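Following: one structure in structure tokens, then a few remarks.
The structure displayed is predicted, hence computed values, not measured ones. No hydrogens, no waters, no symmetry mates; every other heavy atom, side chains included, goes into these values.
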Amino acid sequence: MVRNTFYTDEYDAVVVGAGHAGCEAALALARTGIKTCILSLNLDSVAFMACNPSIGGTAKGQLVREIDALGGQMGITADETALQMRMLNAGKGAAVQSLRAQQDKHAYHMRMKRVLEETENLSVLQGEAAEVLTDGGKVRGVRTTFGEEIAAKAVILATGVYLNGSVVAGEFRQSAGPNGFAPANELTKNLIELGFSVRRFKTGTPARVDGRTVDYSKCEVQEGERDIYPFSYLSDGAPQRQLPCYLTYTNERTHAVIRANLHRSPLFSGQIKGTGPRYCPSIEDKVVRFADKERHQIFLEPESADSHEVYVQGMSSSLPHDVQREMYRTVPGLEHAKIMRYAYAIEYDCIDTLDVYPTLEFKKIGGLYTAGQINGTSGYEEAAAQGLMAGLNASLKLRGKEPLILRRDEAYIGVLIDDLVTKGTNEPYRMMTSRAEHRIHLRQDNADLRLTDKGREAGLVSEERYARFAARKEAIARVKEALEERVSPKRCADFVTAHGAPAPAGGLSYADMLRRGIGIADIAEEFGILAGERRADIETAVIDIRYEGYLKRGLEQIEKAKRLEDKKLPPDIDYEKIGGLRLEARQKLNKIRPENLGQAGRISGVSPADIAVLMVYLGTKK
């Protein structure tokens with residue numbers, strides 16, 4: 001289609017997409033002094049929660065706290081609009097504990113939109129990007145479907161699931177984005193022309209029901225927690241007014257309805273071609289894959305304080321609407337529930353992240369970055385983390401500074417991006433604690449200690465945030481010093497034995513008592529210590545003391561791994577010419593172009609013997 005071209009303002013950067021990735025990218029750019037335009041298909045979909053209206057969860061809570069520690073926005077907005085907060089895995093080790101908050105999806109969208117509108121250096125514009133404009137292998141801007149050319153030196157693509165979006169439910173298929181929003185049908189062709197490898201992924205969402213028609217007496221109530229710390233280090237605490245969620249289960253009747261209608265499921269009929277998320281399967285997929293399970297958990301979660309819509313978590317589906325009506329009503333509590341929005345699956349285009357540098361810059365076009373679900377990830381938190389890093393790295397490049405690349409031992413964000421650009425993904429990628437080999441160091445409670453200095457150096461951490469960080473560091477040091485105080489042998493023996501531990505030969509410090517498994521609350525109450533100290537500061541100090549041995553061994557492993565990370569690989573190596581490398585290794589190394597030996601060793605198809613060859617090669621080049 002021929003359009004009249006017209007030119008508008010010139011920016012330093014344009015962010016395409018205003019979902020969770022786009023918002024963080026645009027804010028990171030604008031807050032570091034970069035004149036930025038954020039382009040959204042529909043301003044009513046800014047930071048929209050098309051699926052589960054929640055932030056955080058296992059491993060995802062760590063990502064949100066890391067985003068916050070670096071100076072990002074997600075944690076602040078999540079705290080301001082939370083309907084309920086809970087600490088997951090509270091009874092397990094500190095490494096796998098994660099904060100999760102049920103969000104008011106309408107309030108979250110409106111609050112984040114307001115933040116964008118009121119941020120200096122940031123212009124908000126509704127429109128669809130049709131083409132990324134380039135010149136001499138570098139970005140020069142974008143062209144919209146209206147023919148508007150927006151000049152820019154950096155472009156960040158954060159298109160979510162909108163690229164050629166297609167909604168599917170049973171025999172019904174419609175070109176659409178999530179929640180009835182319009183798709184973006186023109187950009188994919190341009191991405192292929194630019195050299196991106198494009199693939200098709202799929203995700204889905206469950207029905208929303210009218211909460212007034214739910215019989216909650218047949219469900220288990222799930223209250224929130226008020227005495228826990230929130231996501232952001234700038235927030236003063238968890239909300240004290242919280243709404244309950246509810247737990248119920250599927251049963252054999254539910255499974256029978258699903259099995260009887262599998263022939264009408266687009267997942268099993270072959271109508272859906274895209275690859276779906278393995279760790280968040282639809283209910284029909286669960287029934288087939290886990291045929292021996294008698295029931296599956298279903299959580300009923302409020303979507304907003306100003307709406308009766310309830311999200312039926314655990315029952316994502318693409319079955320036809322008539323089957324959905326029958327299926328949902330077999331669940332205890334939902335027998336008379338009225339569906340307000342039916343479940344659906346959505347297929348969309350995304351790219352192969354092996355074509356992307358660890359900065360999230362496209363290898364073939366300078367100044368072009370990608371972030372979020374276009375990179376093949378799932379989840380708001382994964383998207384926001386990538387958006388923040390893409391925005392920061394684009395800003396750093398525009399300011400003539402070194403990029404910020406987080407290592408796997410420094411952050412979950414580092415694990416996420418390294419997995420994407422080194423290993424790639426053949427299915428929607430979800431962050432999990434098991435992916436992080438150094439998770440005892442990457443806890444949610446110490447994200448600021450790991451990352452706030454890096455965020456400040458990059459120019460994103462505000463004075464208020466850094467002042468709080470400095471005060472918290474002092475408080476943790478003060479708590480640790482207080483816990484090293486020793487108690488007299490007599491008083492110590494009485495207290496320790498009363499708590500089931502063997503009597504010590506002499507006196508013990510409070511830290512010694514912690515190492516013997518006695519809780520800090522009991523110690524503080526008995527000896528009257530740590531009055532006035534914040535719970536979050538005490539918790540970090542206590543974890544460091546209790547896990548001291550593990551942390552020390554972990555640091556030794558990190559130092560060993562860093563020696564490989566420090567051995568840089570020249571960007572112009574022709575791996576085809578290095579004798580001794582296997583054919584597969586040569587092909588993979590030439591495609592991915594790892595930045596160091598550590599990254600090279602994590603590439604699938606590169607063996608330890610290949611790494612030894614590269615070490616010899618680097619030695620000869622010296």
Side-chain angles (χ1 to χ4, degrees), residues 11 13-32 34-51 53-56 60 63-82 101 103-127 129 154-162 177-179 181 184 231-232 234 360 369-375 377-395 413 416 455 460 462:
Y11 294 91
V14 172
V15 177
V16 178
H20 303 282
C23 288
E24 292 294 346
L27 290 170
L29 284 157
R31 287 169 172 173
T32 52
I34 305 299
K35 185 181 178 184
T36 305
C37 174
I38 184 168
L39 185 67
S40 174
L41 276 171
N42 188 330
L43 293 184
D44 293 332
S45 66
V46 169
F48 186 73
M49 294 181 173
C51 197
S54 69
I55 296 290
K60 293 168 178 278
L63 285 174
V64 180
R65 292 212 111 205
E66 290 178 355
I67 291 166
D68 186 74
L70 287 164
Q73 182 65 32
M74 176 175 265
I76 299 171
T77 306
D79 290 342
E80 291 173 341
T81 60
Q103 298 296 141
D104 187 318
K105 67 186 294 181
H106 300 152
Y108 189 95
H109 151 71
M110 291 303 298
R111 177 58 186 152
M112 191 67 85
K113 184 170 180 282
R114 175 68 67 85
V115 170
L116 295 181
E117 292 171 349
E118 296 181 350
T119 296
E120 189 178 354
N121 300 316
L122 182 57
S123 297
V124 180
L125 177 65
Q126 181 167 298
V155 172
I156 298 176
L157 301 177
T159 52
V161 298
Y162 287 86
N179 205 56
F181 290 115
F231 285 116
S232 178
L234 293 179
L360 297 180
Y369 298 78
T370 57
Q373 287 183 276
I374 190 175
N375 281 346
T377 58
S378 68
Y380 312 138
E381 304 82 2
E382 290 89 341
Q386 293 170 74
L388 177 76
M389 297 308 293
L392 259 183
N393 278 311
S395 171
I413 297 175
L416 164 65
L460 189 56
S462 66

So, taking the atom named [atom1] in [X] and the one named [atom2] in [Y], what distance separates them when rounded to the nearest 0.5 Å?
X	Y	atom1	atom2	result
Met112	Leu27	CE	CG	7.0 Å
Met110	Glu117	CE	CD	7.5 Å
Thr159	Leu39	OG1	CG	11.5 Å
Leu388	Ile67	CG	CD1	6.5 Å

Atom of [X], atom of [Y] and distance for their closest heavy-atom approach:
X	Y	result
Arg111	Thr77	CG-CG2, 3.8 Å
Cys37	Leu125	SG-CB, 4.0 Å
Val115	Arg31	CG1-NH2, 3.7 Å
Ala28	Gly391	CB-C, 4.1 Å
Ala30	Leu122	CB-CB, 3.8 Å
Val46	Cys23	CG1-SG, 3.9 Å

Pairwise side-chain contact, [X] with [Y], heavy-atom cut-off 4.5 Å (strictly under):
X	Y	value
Met49	Ile55	yes
Thr119	Thr36	no
Leu70	Met389	yes
Lys60	Val64	no
Ser54	Tyr380	no

(request) Under the side-chain hydrogen bond (donor to acceptor under 3.5 Å, both in side chains) rule, collect the residues that match up with Tyr108, sequence neighbours excluded. (result) none
Return the set of residues passing salt bridge (charged side-chain N to carboxylate O under 4.0 Å, His left out) with [X] (not counting sequence neighbours), or none when no residue passes.
X	value
Asp68	Arg465
Lys105	Glu303
Lys35	none
Glu118	Arg114

(message) For residues 383-394, which residue pairs pass the side-chain hydrogen bond (donor to acceptor under 3.5 Å, both in side chains) check, not counting sequence neighbours?
(response) Asn375-Gln386, Thr377-Gln386
(request) Verify, without hydrogens or angle tests, whether His109 (side chain) and Ala47 (backbone) share a donor-acceptor contact under 3.5 angstrom. (result) no
(request) Spell out, as yes or no, whether a donor-acceptor pair under 3.5 Å connects the side chain of Glu66 to the backbone of Ile413. (result) yes
Does [X] have any side-chain contact (heavy atoms from CB on, under 4.5 Å) partners at least two apart in sequence or in another chain, and if so, which?
X	answer
Thr32	Ile34, Leu392, Ser395, Arg399, Leu460
Ser45	Ser40, Asn42, Phe48, Tyr162, Phe181
His106	Asp104, Ser304, Asp306, Ser307
Ala390	Ile156, Leu360, Tyr369, Ala371

(request) Under the ring-ring contact (aromatic ring centres under 6.0 Å, His included) rule, collect the residues that match up with Phe231, sequence neighbours excluded. (result) none
(message) Per the salt bridge (Lys or Arg N to Asp or Glu O under 4.0 Å) rule, what does the pair list look like for residues 16-27, sequence neighbours excluded?
(response) none
